[in-house]
Engineer: 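Here you go, one structure.
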Amino acid sequence: MTEGTTSAAAEGVDTLTRLEQEGEIAADYLEGLLDIADLDGDIDMDVEADRAAVSIVSDADGRDLQKLVGRDGEVLEALQELTRLAVHRETGDRSRLMLDIGGYRAQKRAELSELGAKAATDVKNTGEPVKLAPMTPFERKVVHDAIKAAGLRSESEGEEPQRFVVVLPA
């Protein structure tokens, strides 16, 4: 291996180690919150797309965890921000950690991918741009990825919280 390859491999290991550390810090923080709220849940950690991913899952029916998701994922978003702040406090680095609770975000990702694919099909059939409803940054990212996978391009327009995706013809 050349020196550049060696340092790139070491950098990848360092990044993985840093992301695993973020996941550990986040898991400790979330376990504390679950204890305070007297909620049952197991914490799974992973690294996905160059970011730490932490999930709270339940063996039971998951109704208790729904309280942590809230209406349209509002509580989940707030908990994710708090968890990112806890990681930042420990590491001094900004975290891009993703939090999922009870599979909410995974289900939402599947729904949004389907929405993006449908919008891409509509644009291909009509040749006209399609504007989608306002979305959170997470939701827009999933839709942009689905549009790209369909071979089209998309842009975000508007100002938060009314920012939306526009799917454009090829």
Engineer: Under 3.5 Å, is there a donor on one side chain and an acceptor on the other for Ser154 and His144?
Structural biologist: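 Result is yes, a qualifying pair exists.
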Engineer: Taking atom CG as the centre, does Asp28 end up with more than 12 heavy-atom neighbours from other residues, nucleotides or ligands that are less than 6.0 angstrom away?
Structural biologist: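 Correct, the count exceeds 12.
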Engineer: For Thr83, check side-chain hydrogen bond (donor to acceptor under 3.5 Å, both in side chains) against everything at least two apart and list the hits.
Structural biologist: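 Residues passing side-chain hydrogen bond (donor to acceptor under 3.5 Å, both in side chains) with Thr83: none at all.
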Engineer: Taking Leu68 as the fixed residue, which of Leu30, Leu39, Leu33, Leu76 is the one that meets the side chain to side chain contact (heavy atoms under 4.5 Å, CB included) rule?
Structural biologist: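 With Leu68 as partner, Leu30, Leu39, Leu33, Leu76 yield a single side chain to side chain contact (heavy atoms under 4.5 Å, CB included), made by Leu39.
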Engineer: Can you tell me if Lys148 has over 12 outside heavy atoms packed within less than 6.0 Å of its NZ?
Structural biologist: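 Not more than 12 within 6.0 Å, no.
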Engineer: Tell me, with the steps shown, if Thr121 and Asn125 meet side chain to side chain contact (heavy atoms under 4.5 Å, CB included).
Structural biologist: CA-CA 6 Å; Thr121 300; Asn125 290 339; 3.6 Å; yes
Engineer: If you count heavy atoms of other groups shown closer than 6.0 angstrom to CD of Glu114, is the number above 12?
Structural biologist: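 Open: at most 12 neighbouring heavy atoms sit under 6.0 Å from CD of Glu114.
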Engineer: With sequence neighbours left out, write down each residue that passes side-chain hydrogen bond (donor to acceptor under 3.5 Å, both in side chains) with Glu24, or none if nothing qualifies.
Structural biologist: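 Expected list: none.
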Engineer: Quick one: do Arg18 and Asp14 make a salt bridge, cutoff under 4.0 Å?
Structural biologist: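 Not counted as a salt bridge, because no side-chain N and carboxylate O are separated by less than 4.0 Å.
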Engineer: Going by the rule salt bridge (charged side-chain N to carboxylate O under 4.0 Å, His left out), which residues pair with Asp93 if we only count those two or more places apart in sequence or in a different chain?
Structural biologist: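 Checked Asp93 against salt bridge (charged side-chain N to carboxylate O under 4.0 Å, His left out); zero matches.
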Engineer: Kindly check if the number of other-residue, nucleotide or ligand heavy atoms within 6.0 Å of CG (Asp35) is above 12?
Structural biologist: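 Yes, CG of Asp35 has more than 12 neighbouring heavy atoms, counting only those of other groups under 6.0 Å.
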Engineer: Counting N and O atoms only, with roles assigned by atom type, does the side chain of Arg51 sit under 3.5 Å from a partner on the main chain of Leu97, one being a donor and the other an acceptor?
Structural biologist: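 No: the side chain of Arg51 does not pair with the backbone of Leu97.
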Engineer: Please say yes or no: joined through hydrophobic side-chain contacts below 4.5 Å, possibly via intermediate residues, are Val143 and Tyr104 part of one cluster?
Structural biologist: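 No, Val143 and Tyr104 fall in different hydrophobic clusters.
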Engineer: Output all residues satisfying salt bridge (charged side-chain N to carboxylate O under 4.0 Å, His left out) with Arg105, sequence neighbours left out; order by chain, then residue number.
Structural biologist: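 Result, salt bridge (charged side-chain N to carboxylate O under 4.0 Å, His left out) vs Arg105: Glu77.
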Engineer: May I ask you to decide if Ala106's main-chain N or O and Asp100's side chain share a donor-acceptor pair within less than 3.5 Å?
Structural biologist: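 Side chain of Asp100 to backbone of Ala106, a donor-acceptor pair under 3.5 Å: yes, one is there.
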Engineer: So how far is it from Tyr29 OH to Ile43 CD1, rounded to the nearest 0.5 Å?
Structural biologist: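 One finds 11.5 Å between OH of Tyr29 and CD1 of Ile43.
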Engineer: Would you list the pairs meeting salt bridge (charged side-chain N to carboxylate O under 4.0 Å, His left out) in which at least one residue belongs to residues 132-141, sequence neighbours left out?
Structural biologist: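 Only Lys108-Glu139, Arg140-Glu160, Lys141-Asp145 qualify under salt bridge (charged side-chain N to carboxylate O under 4.0 Å, His left out).
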Engineer: What pairs with Glu81 under side-chain hydrogen bond (donor to acceptor under 3.5 Å, both in side chains), at least two apart in sequence or on another chain?
Structural biologist: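 Partners of Glu81 by the side-chain hydrogen bond (donor to acceptor under 3.5 Å, both in side chains) criterion, ordered by chain and then number, come out as Arg84.
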Engineer: Are Phe138 and Leu99 connected in a single hydrophobic cluster, I mean Ile/Leu/Val/Met/Phe/Trp/Tyr linked by side-chain heavy atoms less than 4.5 Å apart?
Structural biologist: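 In one cluster: no.
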